Amino acid sequence: MSGAALAVLIVLGPLLLAGGFVLGRRTARPERTSDVGTPVEHATFETLHTASLAAPPLRAGLTEESARKAARRLRSLLGTDALCLTDRERVLAWDGLGEHHGRHVMDHVRTLLDSGRDTAFASGCGDLDCPLRWAVAAPLTVDHRVLGTLVAYAPRESAVLARAAGEVARWVSVQLELAELDRSRTRLIEAEIKALRAQISPHFIFNSLAAIASFVRTDPERARELLLEFADFTRYSFRRHGDFTTLADELHSIDQYLALVRARFGERLSVTLQVAPEVLPVAMPFLCLQPLVENAVKHGLEGAVTRSRITISALDAGAEAEVVIEDDGVGMEPDRLRRILRGEGGASTGIGLLNVDERLRQVYGDEYGLVIETGVDAGTKITVRIPKYRAGVHGT
Amino acid sequence: MSQSYTVTAVTVVVLATVLVGGFGLRISRTTSDFYVASRSVGPGLNAAAISGEYLSAASFLGVAGLVLLHGPDMLWYPVGYTAGYLVLLVFVAAPLRRSGAYTLPDFAEGRLESRAVRRLVSVFVVGAGWLYLVPQLQGAGLTLRILTGAPDWFGGVLVALVVVVAVAAGGMRSITFVQAFQYWLKLTALLVPALFLLLAWQGDGRPRVDLGLTGAVADRADHPLYATYGLIVATFLGTMGLPHVVVRFYTSPNGRAARRTTVFVLALIGAFYLLPPVYGALGRLYVAELPHGANADAAVLLLPERAIGGLGGALLGALVAGGAFAAFLSTASGLTMAVAGVLTQDVLPSRGVRHFRLATPLAMAVPLGGSLLVSGMPVADSVGMAFAVSASSFCPLLVLGIWWRRLTPPGAIAGLLLGGGLAFAATVITVSGTVRSGWPHALLAWPAVWSVPVGFLAMILVSLATRGRIPPGTNAAMTRFHLPEALMPGARGGPGGAGGPTGTSGPTGSSGADSAGGTSGTGGVR
């Protein structure tokens, strides 16, 4: 009896899980309304749905692949026999009948590429059975530049199609503009990474060299060690290859950073490190923790005459590593912190925090942003969660 | 009297596990040991951790029980359990580590760039993990019943509770130290009593151990040779896909260290497996009157008291019981963490923050239910089924994924479904007990002989039929798998030029270092 019961359990368990999975997906997704509303509303829903299907490929920019994926959706949106997407030089995708027309498309749209105005033309097809007698072309513009064209074919002239093609081309243009926006955002973040790397250097280099100088006479051996730490630290920070590193390397760099800070502040700063060794190989974005430690050092020593204590812990949490950086310094008003993380904090502080937050969100998604707990005179606790694996993230 | 020793020993093991797990972090308070604390785990420590997690109830109790019942033929079990690591060492260890994958679904997604394959692998990981957890919980129930007379369900529930509480409450902050500790504990718990048992045997004038089949015990299978081959294929090829083994390799800092770790694992496990056969052989002398079936698994537990007796025997018995509990706890916690990790990442619908803690009870509930429902199967046999499923699904995926460029996502799906699915179906039919004798039973009870080739063939043929679907990043992935880290080119940001916008920044920071420095006058340390 028990054997049969187990078999039932083994079969039912995965089935139940799969059912729950599908159900969860269904409820998480907006209702697909197939039989709600009037026919007009129904048509509107259909149109919006088709448009939403065409949008994702276009968000990757105007390439052969994105054009091929989008052209199918756009053609069903317009309800034409054939639809063609071109860039400035050639046909990117042809969907529907009569692909042989593709050879002549570029001749017809040449004027449009310069003028940027919708044009209609006869296809001039020699084949009498060919249903594609007439076409309307509309420009795809981004920032007033014509990137390409959308050409819709029909059996006869149609004012409705001309109007619709123009509107669809404008909608595609908006999607392409969004793609351009995505790209510039990526470029901005890359620029910020560069800025962050450079930002460490001037003050830190100045302060460290001054601290090392003070040891040159009294303790030459220590001065030598500090200089070597300094050399290692700068080599890591100015490294030119790769966007990712491992937690072990990042902690090592923090160790060197703290050695240099201690040379300045001596006994005023005490640091505790707790590490679960299995998270050390975790790959993570380059220079994500060092700015947080720098922040903790600054806050810990700001206005404090007594000792300051910083705790850094890196712990194992299933498929993630959890890094916590805590100081017992002056803390911060939560409102001010919120402004800094929105990028409104002014230039004075927090560029580092904001930058780290944005890079983590960009690499791992919004749920992996910084979690900061703070209050005035209550110290600051920053928690970073790093997934152990994410496609495309490989430590060097 | 001996009951209280046993209870004490089990309590001590449970407490020690929780304590080492919760506080076994590396802590540094001064500059000098900061570096030591942030150093990666060495091959020795990691190998002990892998061995600790791997040596389960099947190894600790099951092997001796099988040798006791069925004689030296059963020595293939320890040989197979060990040799699996040899295959893993040769084909998988270093490339798997270099892939950067933490779990098998990670590997599948990274190599084949397909969410569908990832989901399917997740389902199999959860299934194999559950199959492996059931005998652990049953072993715990058996141990406590034999030693203290507690009801059968009590041990399993106890282990499940300890594991769920420790894992879900964040108690296992550093699982490497726990598992390494468990390995040495298990080794001690078998080695020390074994030495005393051998002394006692000497004292009795070395009675000869009859290694032939005892007449009372029916032959194990109708086709023993086939069964042996089934066992060999399953254990040799199944080890590389066990979910709790794969995640431990992530701890190694690089591919070379992963390979060295595997060599150490071979040594550590090989040393351990010398001991269970000793118990099995001596069991034939001293506990020959054991009832049949699952109770043969109790031979290891009863032997010290029967052979030595008195206070010494009771103390040694308690030590063995503690070691057995370490085996249940370490394997069960490792499996639960692996299964719960996959459940949170891939199976449960994600809404906002994912709940690892909620997944832990779920990961344990199903096998606990299974262990309470089904009984009467030797633990080594039920563990063998998990090995067979793993060998038929994950082994083709790993070996072909690492060594064959032309693997495609549809091919992987076909191989997983046919190979793994058939092995899983065979397991379910065997456990349900509908087929009990003859060739059908042998084929279903030891499916690896046919299901592994089916898995490989399906993967290869379907991949060849879908040549167009070879993932675009295959060459980049292969390079990463096989090139030693030291030789990797410096810039390797994005995944092999798959069109992602992030991977395109070649000379990041090359010009920014000196020119942008002057603009940021206010940020750094004052």
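Numbered from 1 within each chain, the chains take letters A, B, ... in sequence-line order. Note that the structure is a prediction, hence the values are computed from the model and not measured.
Among all heavy-atom pairs drawn from A:Pro277 and B:Thr251, the shortest one is O-CG2, 4.4 Å.
Of the atoms belonging to B:Thr103, not a single heavy atom falls under 4.5 Å from chain A. Looking at A:Val282, the atoms closer than 4.5 Å to chain B (heavy atoms on both sides) sit in the backbone and in the side chain alike.
Here the side chains of B:Tyr250 and A:Lys388 are in contact, with some heavy-atom distance below 4.5 Å. B:Gln345 is not listed as a side-chain neighbour of A:Pro387, based on a closest heavy-atom distance of 4.5 Å or more. Between A:Tyr389 and B:Ser99 the shortest side-chain heavy-atom distance does not fall below 4.5 Å.
Annotation: the span from B:Thr176 atom OG1 to A:Asp316 atom CG amounts to 7.5 Å, rounded to 0.5 Å. In this structure, A:Arg390 CZ and B:Glu109 CD are separated by 8.0 Å, a value rounded to the nearest 0.5 Å.
Taking a 6.0 Å sphere around CZ of A:Arg185, one finds it holds 12 or fewer heavy atoms contributed by other residues, nucleotides or ligands.
Heavy-atom pairs under 4.5 Å with chain A peak, among B:Asp106, B:Asn254, B:Val126, at B:Asp106.
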